[in-house]
Every structure is written in structure tokens, then in C-alpha cells.
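Here is the structure we will look at.
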Amino acid sequence: MEYNHKNIESKWQQYWKDNATYKTEIDESRPKFYVLDMFPYPSGAGLHVGHPLGYIASDIYSRFKRLQGFNVLHPMGYDAYGLPAEQYAIQTGQHPEITTKVNIDRYRSQLDKIGFCYDWDREVRTCNPDYYKWTQWAFIQMFNSYYDTKLQTARPIYELIEHFEKYGSKDIHVACSKDLEFTADEWKAMDDKSKSDTLMNYRIAYLGNTMVNWCPKLGTVLANDEVSEGVSIRGGYPVEQKLMYQWCLRVSAYAQRLLDGLEKVDWTDSLKETQRNWIGRSEGAEMKFKIADSDVELEIFTTRADTVFGVTFMVLAPESAYVDLVTTPEHKAEVDEYIAAIKHKTERERMIDKKVTGVFTGSYAINPLTGDKIPVWVSDYVLAGYGTGAIMAVPAHDSRDYAFARHFNLPVIPLIEGADVSEESFDAKSGKMMNSKGPELNLNGLEVKDAIAATKKFISEKGIGKVKVNYRLRDAIFSRQRYWGEPFPVYYKDGIPMMMDESQLPLQLPEVDKFLPTETGEPPLGRAKNWKTPEGYPIELCTMPGFAGSSAYYLRYMDPKNGKELVSKKANSYWKNVDLYIGGTEHATGHLIYSRFWNKFLYDLGKVCEDEPFRKLINQGMIQGRSNFVYRIKDTNTFVSSGLKKDYDVTPIHVDVNIVSNDILDTEAFRAWRPEFNNAEFILEDGKYVCGWAVEKMSKSMFNVVNPDDIVERYGADTLRLYEMFLGPLEQSKPWDTNGIDGVNRFLRKLWNLFYKGDTLLITDGEPTKEELKSIHKLIKKVTADIENFSFNTSISAFMICVNELTQLKCHNREVLSKLIVLLAPFAPHICEELWHILGTDTTVCDAVWPVHNEEYLKEDNVTYAVSFNGKARYNIEVPADMSADEVQKIALENEAAAKWIDGKTIAKVIVVPRKIVNVVVK
RNA sequence: GCCCGGAUGGCGGAAUCGGUAGACGCGCCGGUCUCAAACACCGGUGGGGCAACCCAUCCCGGUUCGAUCCCGGGUCCGGGUACCA
């Protein structure tokens, strides 16, 4: 019998399906293990060979854990809302639901061919009403909560209302958009609208006027992580800043906990670092500067309180509310003109164009420590959204302030001894202070670190300022002016936003005639007929962003069919959180922040038992494409082989990698590929056309897309799985190169040949030999350790070595081979299932038990020692394993090779170092 | 600019604790089988040298009996982030 992957794979895939082999239930008698993949957005292009990389890795680990006796939860689903389906709908009029369903079916059939052990009964789709009911539910909970900064937890909003009724805003410690002050009487005197507006300042899900990233081309608002370098990540369209009234989530309230939680999780340092930078904690001080001849006080944030003696001007962000307050009548026209000019620029233009610009407001601030009058300017290098939107400028010790001062000819006062500020600023946070003596505070001679502390202490005591921690992390803007997303369970009663009752959920997405904004510029939901509550109140027209549905999906897998709760207490307390999460690093500052936030919020509510959702996280690398090129001689239809191209004037042309093998072009297939190449001529080398190659992104336009279906058809799923893992370390990005896949396919055939020669079954019973035991136990040890380290490429090498050894030994021993099959089953489940069956058991290999190695079989008869003499020479001697160090030394000295280095004079000393290596050092 | 990560044969990559650098696979070369080719199998394969040996893990230096690995400095490549005060 020959190895026939097609029969074997379809047979066992059907068997697993028919017998619900991978169905998972709560089982208190076994320890749980939760392995999760980041669920995919089902795009129209289908899967290419890069997509399953992480899925294969998680599948191997799941199967491994299962064989070790764990009850493994390993689900899959679809992140089904998204822009491409909506844009396709706009172009074609086809409902995104249909497109999405078609794409999901395609994904599913591709995934099924690879032989994953998902429990598909637990599938979730973010666009299903049964699912998004709980996304809407979570939003309502956030609306009905505020964040207590003292208790560091979310609390019900009614507690805050009770407080307002008794004490007003006095003594509250609540995360808010801005500090408000009112008495209990003032609160009670407010009308419903004012009360609603006031509470918005504190709710975790709130409506707020915020600066948003507005993308005119997409017609929607985008979150910070959806924008990079001033353009939208999806589509690459310019993004501008705009003040809009939008739903937001108060993620910033959780900044410190999101930071602290990183200590507890097993993620890579680089990913944690990316999140730390994104959260951007900075300790500093807020300080007040009075404006001369005015009641206005400017509040600024600085991390360099020590440099307050070097402040030579103040700068306001153009959008700052202070601008109107401090601009003098004489300067108003000039300031207005500047601000208008800034508003015209998109974020991208502001970033590319780093010219120093600014305008004087006409006002002067008073330095609270020196009493000096300093001018107040407006400039776009100060951001409205960070700190207070106003800064004290210390040109000597901040490069941006320095550039500004030089451009507008403002004074520069150096404050640190030895700092040369004639050419550039001195930004380092070290050195001794000078020029820093005022009437009440003297920092001269102090180290910067101590000067910061001294200044903080002084300003706190004097009431000039206070110590303050700032975070870069902003609240998440939660409204999208789009159709294909979760509708908000919100209606407006006399202009006041109200939450729907939970019994009314899910609020289903309405039908619309077109997926475009309305003529009056309202979002697509504005086209829906009767988009009103039964009482006739209008319903919110925006939908939720992409990250809404992906923020808690891992919880829903635990209890996907529960109609009463997001997840039952029972299911949650058994499955707890994700033990292993595998996905791309591109979600570092988006999904992985939002879902941690979302989970922490649910934790505060007591709905989930773990405050971190993903215990261990692995980022699989990207699989890049490996493009092939042919070289057309200019103005001809003749193509020259890569090695000869330097003699001609050529244009490289991408050629479909599927008609190239080992960089050799199939010239006939090339002629048939495109009509214009019908009569192509070739200049060959050694009778072959050799293509050039380059590593590029895998994409249709580069003709380097390799489809997993084609590989499965030709070599089988087991070969694909092994080859993807064999390509290199999981975390590393690497190009896909189908050359080399024969190697792992050959390995599987060699494995098969241990069982069969022709149609003869070779399996023997009886005791394995010493060599056979050694080979298999070496493998058990290696593979067990490698899987735990996600070092799948080296375990496959180990399998190859073992199978070669067993072939050499002519080993067909049942005991040895059954161990081998169990070890390989996570990697190549189909062939192992078949061979397991051939070995004559009535269970599936999925129910086998992972073997444990025995050190006894691994003992070496001989040990190699490294011997060195005064570092001048080293050689290796092989001696029996049980030989003592003294004897080794003796042999070393007697050794001929050693003798010529010792000169017969000196005596060697033996040092035993780890790994049974002996060094002989001459005294 | 700042923060991470990386650099090893013709190629992908091993060396998991500082101990024979190049495992395993691809490719290539030679052989067996075949009328021939493909498949399969066997052998060889970092460079130099007839050889003993010598030189090789991006470059320069250090620690060590011994460095791909640890330390200092530099070059190049990849990723993240960016007026964050």
C-alpha cells in the first residue's frame, strides 16, 4: 500500500466530523486548557498560505495538550463586520451580509481541508444578532457605570447620582472628561438635559465632544489605532482632526491597570513594551501661570518642573480653550488667521510639514517662581489632546522649544552646568542645575532628579501646582458613520440619549436601500425606514467600530449558545481565561488593548473571574511572498535567463510563481499564461530559463500568492502543516517558498515505509532493541520540550532524524512505532490516525496518551570531554561515561596529542564544568 | 528622532546552559536502478590546501582555558512609534 494522502485525509476528516471527535464540554475531572486563535476577518480573497501559520501552531499545541490529558477548548469564529464588505456593497448594491456569508463559507472549506481540531459547535460570528446582543449589552453596562479612581474599579452610575444629590461634586474621585464643580442644590436644580450632560462627564461609555480622526473619503471617524502616519490603515486615505459629538469609551480610566496587568501576563517583552509606550505613562506636575493684568490662569503639564527658571515663553495649542481667553484685541486678527490656516491642514500635512510656525497672543504670563513676565504664543507643535493643551517652553532643554525660540528670536537660558546651548538644546535629564535661584526656591547645584522633586514639593505646598501623572492613552472613539456594524442600543428622548431595555436586545441592523450616507450627510442608518422605538423616538444612527465585536469573543466561546448571559458563571469559572493566544503583532495597540479593557470592565462588574484575558500570547510572524521575475529585453518579446541578463537592457516582469519550480520557468506554461506572451522567445542558460526572485508582500498584483488548497491537493494537509512549521521559527517573518516541500513529503513517505513494503505489513511484536529505545526516547524528550517552547521547526527535524534512524535499524516494532505515531499526531493528524488504526487499536490517536521519556535509555556509553591546556590547545577525548575525573585527567596527560603541548614539564589540573566537559589547565 | 528585534554556507535555518559551528531540509555534484528520463535509494557538499593543517557565525575591541552565545563601540536590515512637553 502506498501513502495516499487524498484517501487518508478525506476519510479521517469525515470520521472526526461524524464522531464529533473535537466536541468539547465542561469536565470538572480534567484540567482545562484554552487555546485561541485571533479569529479572522473573512476577506473576499480567501486564505493564502500565510494565514494558517498561526492556526497550525495552535492546533499542534491543542492536540498536544489534549494528549497530555487536558480538556482543551479550541474554538474558531469570524470577525465578520468590516469595511471591505461594506465598500463592496456600496459598489455593487449586494448586501454585506451576503458577501460575508459567501466569504465565511469559503474560509470554512479552506480551513476544513487543513484538518484543524476546532469545536465548530462553538463558532461565533460577530454579525449574528445572538452574538452582538452581548456587545450591545456590554455597552449598556458601560453607559451605566463610572470609574472610581480611589477604589480603582467601575461602579454603578446610580451611586454617583446619590452622591451628587447629597454632596454635589464635592469629594468625588471619579475618572472624568473635565473637572466640574457643583453643589447638591445646583445638581437638584438641573433639568433632565443638564443632568444627562453632566453625567456624560463620568460615564464609562459617554457622548462627548472630542477631537476625532475624521476620514472624509471613508465618511467615518476612526480610532487612533486605525490611523497611521496621518492616513487610514484601511485604504490609506487622508485623515483630519475634527471636533465631533461622538460615543466614546473611557479606556483612559483603566490606563494604570492596563499598565500594571502587563506584569502578570506571559507575553513577549517587545509586545509589552509596545503597549507600555502606547499607554505612555509620564509622571510630572501641573502648574498654574497667572496672566498679567487678567484673572486667567494657564495650567500647564511638565515632566521637567526643575526647568521652570528657564521658561522664556508659553505656548498654547491652536485648539486650546485658553486661546480666546488670552488673545488681546490687537492680536485677534492675526491669531484667528493662524488658527484658520492650521485647521485647513490635514493631520498628514501637519506631520510632513514640520516648519516652525506660531503667533503671539499679545498676553504675558507671570512665572510663579521668578515673577518674570513671559510672552504667550500659539503654535501647532503643542497638541490639544495631551496634558492641558498648554506648555511652559524651556528652549535650553527641549529641542522643540529650542527650534521655536530660535525661529522667533526668543531668549534661551541654560540651566544645567556645562550644557552648550549655542547650537542645540540639551535634553538629557542629568547634570547640575544653575541659574535657578528665585526669591523662595534655590535649585542651584542640585542634580536634575533632585531638582524635579524639590520643585514638585515647593509648588504643591505653595498651591502653584500639583503632582500629576499623565497618560498618552486616549479614550476610544466608539461611533462609526457606517452601515456594517453593531447598532447602538440607544434612542433619543427629547434629545436626551437613553439606553434600551435589555429585554429589547438584540437591536437588529435595519434594512437600507443604499449603503451610502443620506443626502443630508447622516450615516447610512439614516436611510432606514422606521428607525424608531415603538414610542416613536429616533434611534442612534451610528454603528459600533470593528473592535467592539472582537473585544469579548473569547468569553462567548465558553458558552456560545447562552441566551441569558454573555457567559454563565459555571462556564466562566471552569474555562477562566485564555491560556494560549496566537495571532499577529498588528493588534498590539488595538484589539489587545481594547479587549483587556473590556475584560477588566466585566471583571469589575463581577461577570468574569479573571482580570487579564490572555495569559500567554505568541505572535506568529508574517509569511511574505517570494516573487519570481522574468527579464524582457527592451522593445522585444524575448526573455533572457537571469544569469545572462547583465548583457542586455532588460525590464523585470513579475511572473506567476505557480508556473515556476525551483526558479526554473515552465516556458510553455508562460506562453499560455498571457496572450501577449504567446510568441515569447527565450534565451536560456544550460537549456533552462532561470527566474530572478525577491521577497515581497504576498499579493495578487505580485503574482506570488500560493493557495493552501493547491498544496493540500498535491501534497496533502499533513505535508502542508509540517512544511509551514518547518519553514522556520514561528515568531519570525519569513518568505513562503514552495521549493523544499518535497523534503517533508518524503519524510511522511519514509514514515509510511516503516509500516509497509508494497502491500506487506512489516509490523513486528516483541521487545524493542536498545538502539530503537534510545532513538525513540531521544525523540520523546526533544519533541516534548520543543512543543512547550513552540520550537516546532526543530521538532520536525528531530522526527526526520528518528525516522531515518529507525529505517537504518529496520525497526518495525509495534511499541516503538506507536509511540512515534502519538508524538507526530499533533503535527500530522491524518496520517497518524491511519497508521494508529493500522497498528490495530479501536480508539483514535486523539485519545492516546502522550509518552514520557525514560532517561535510562538515553545514557551514553561514552562521554566526550573537551580538554584544554593553558588555553593553547583543545581536543576531545571519548571515555566511558562512568570514568572519574582523575582518570580522565590521567588519560588526558597520557594522550599523545596532549603531550606535545605540555612539554613534559607542567602538571595539568582538571576542572569539571557543566555538560560533562573536562578542562585540563596547566598549573 | 525614540523604543524593540535581527545579521550564521548557494537558500530556509540548527547549535535551548559559554564547550567539536553549519543539525534537519532544499539545491547542487557523483553513483545504483533504467533503453532513457522521472521516482526511489546510496555517497559527497562552508572556503583554501596534495596533505598535515589553516581560515570562517556583519565589523572593531574586551572578558574567558574556550565566545554564534557575555560586555563595550560601530555598520547594515526589519518592526513599532512619533511634535506626548
Side-chain angles (χ1 to χ4, degrees), chain A residues 228-230 268-278 280-282 284 300-304 307 315 317 350-351 354 356 379-383 385-394 397-401 403-404 427 470-474 585-586 588-589 619 621-622 624 626 662-663 693 695 722-723 726-729 731-744 746-747 749-750 753 782 785-786 788-789 791 793-801 804 807 864-876 878 908-909 911 913-922:
Chain A
S228 178
E229 300 187 356
T268 61
D269 289 338
S270 74
L271 188 62
K272 287 189 195 180
E273 197 56 26
T274 304
Q275 288 215 339
R276 284 193 195 104
N277 291 341
W278 189 259
R281 179 190 159 101
S282 78
I300 60 94
F301 174 77
T302 181
T303 54
R304 293 296 300 274
T307 59
V315 189
R350 259 168 93 161
M351 241 154 25
K354 286 197 176 170
V356 177
S379 174
D380 68 348
Y381 83 89
V382 174
L383 304 177
Y386 185 75
T388 60
I391 61 154
M392 62 179 211
V394 186
H397 302 292
D398 182 285
S399 52
R400 296 152 301 177
D401 297 346
F404 195 83
D427 290 12
N470 250 326
Y471 299 91
R472 204 190 77 118
L473 184 71
R474 315 275 180 88
T585 179
E586 67 273 17
T589 55
N619 292 120
M622 258 225 311
Q624 297 139 309
R626 187 179 186 279
N662 284 324
D663 293 336
W693 61 273
V695 173
L722 284 172
Y723 189 55
F726 188 62
L727 226 41
E731 282 107 325
Q732 195 173 302
S733 285
K734 56 234 158 188
W736 176 268
D737 184 357
T738 307
N739 301 338
I741 197 166
D742 293 310
V744 289
R746 208 168 285 149
F747 157 73
R749 293 205 303 267
K750 281 182 190 169
N753 291 338
K782 173 81 178 147
D786 276 352
E788 287 294 6
N789 294 326
S791 184
N793 53 330
T794 53
S795 19
I796 294 167
S797 296
F799 279 115
M800 289 173 172
I801 294 168
N804 280 340
T807 306
T864 305
Y865 288 88
V867 184
S868 65
F869 293 89
N870 273 3
K872 298 277 185 181
R874 194 183 75 218
Y875 66 95
N876 296 291
E878 208 174 273
K909 180 185 159 200
I911 302 165
V913 295
R915 287 199 168 209
K916 292 182 181 173
I917 303 260
V918 168
N919 290 321
V920 181
V921 181
V922 177

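Computed from a predicted structure; not experimentally measured. Chain naming here is simple, since letters A, B, ... match the order of the sequence lines and numbering starts at 1 in each.
- Residue A/Arg626 is classed as having no contact, given no heavy-atom separation below 4.0 Å to the nucleic acid.
- Between B/rC28 and B/rG72, the two P atoms lie 45 Å apart (nearest whole Å).
- With sequence neighbours excluded, no residue forms a ring-ring contact (aromatic ring centres under 6.0 Å, His included) with A/Phe726.
- A/Asp398 contributes no side-chain N or O that, together with a main-chain N or O of A/Val394, makes up a donor-acceptor pair within less than 3.5 Å.
- Between B/rC71 and B/rC17, the distance separating the two P atoms is 14 Å to the nearest Å.
- A perpendicular orientation is assigned to the rings of A/Tyr723 and A/Trp736, their planes being inclined by more than 60° (bins at 30° and 60°).
- Across all strands shown, A/Arg749 has heavy atoms under 4.0 Å from sugar-phosphate atoms exclusively, and none from any base.
- Rounded to whole Å, the P atom of B/rC77 lies 45 Å from the corresponding atom of B/rG31.
- For B/rC33, the base is anti relative to its sugar; the glycosidic angle deviates from 0 by more than 90°.
- Contacts of A/Lys734 classified as salt bridge (Lys or Arg N to Asp or Glu O under 4.0 Å), with partners at least two apart in sequence or in another chain: none.
- Within the 4.0 angstrom heavy-atom criterion, only backbone atoms of the sugar-phosphate kind lie near A/Leu727; the bases stay farther away.
- Taking atom NZ of residue A/Lys734 and atom P of nucleotide B/rG12, one finds them 13 Å apart after rounding to whole Å.
- Checked for salt-bridge contact, A/Asp427 and A/Arg304 miss the test: no charged N lies under 4.0 Å from a carboxylate O.
- Helical stems of RNA chain B (runs of at least 3 Watson-Crick or G-U pairs, donor-acceptor distances under 3.5 Å) are listed by first residue: B:1-7 with B:75-81, B:10-12 with B:24-26, B:27-32 with B:40-45, B:46-48 with B:53-55, B:58-62 with B:70-74.
- Summarising the geometry of A/Asn470 relative to A/Gly387, their closest heavy-atom pair is ND2-CA, 3.5 Å, with the distance given to 0.1 Å.
- At least one donor-acceptor pair under 3.5 Å links the side chain of A/Ser733 to the backbone N or O of A/Met622.
- At B/rG13, one or more side-chain N or O atoms of A/Gln732 fall inside 4.0 Å of OP1 or OP2 (strictly under the cut-off).
- Listed by chain and number, the residues in a salt bridge (Lys or Arg N to Asp or Glu O under 4.0 Å) with A/Arg746 amount to none (sequence neighbours excluded).
- Between B/rG80 and A/Thr585, no contact under 4.0 Å exists linking OP1 or OP2 to a side-chain N or O.
- In this view, A/Glu273 and A/Arg276 satisfy the salt bridge (Lys or Arg N to Asp or Glu O under 4.0 Å) rule, not counting sequence neighbours.
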Short heteroatom pairs, N/O only, protein and nucleotides 23-33 of chain B, under 3.5 Å:
unit_1	atom_1	unit_2	atom_2	d
B/rC26	OP1	A/Arg746	NH1	2.3

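- Residue-level contact check: A/Pro729 touches the backbone only, with heavy atoms under 4.0 Å from sugar-phosphate atoms and none from bases.
- B/rG9 takes the syn form, because its glycosidic angle lies no more than 90° either side of 0.
- Considering only side-chain N and O atoms, A/Tyr381 lies nowhere under 4.0 angstrom from the phosphate OP1 or OP2 of B/rA85.
- Contact annotation for A/Asp737: no contact, since no heavy-atom pair falls under 4.0 Å across all strands.
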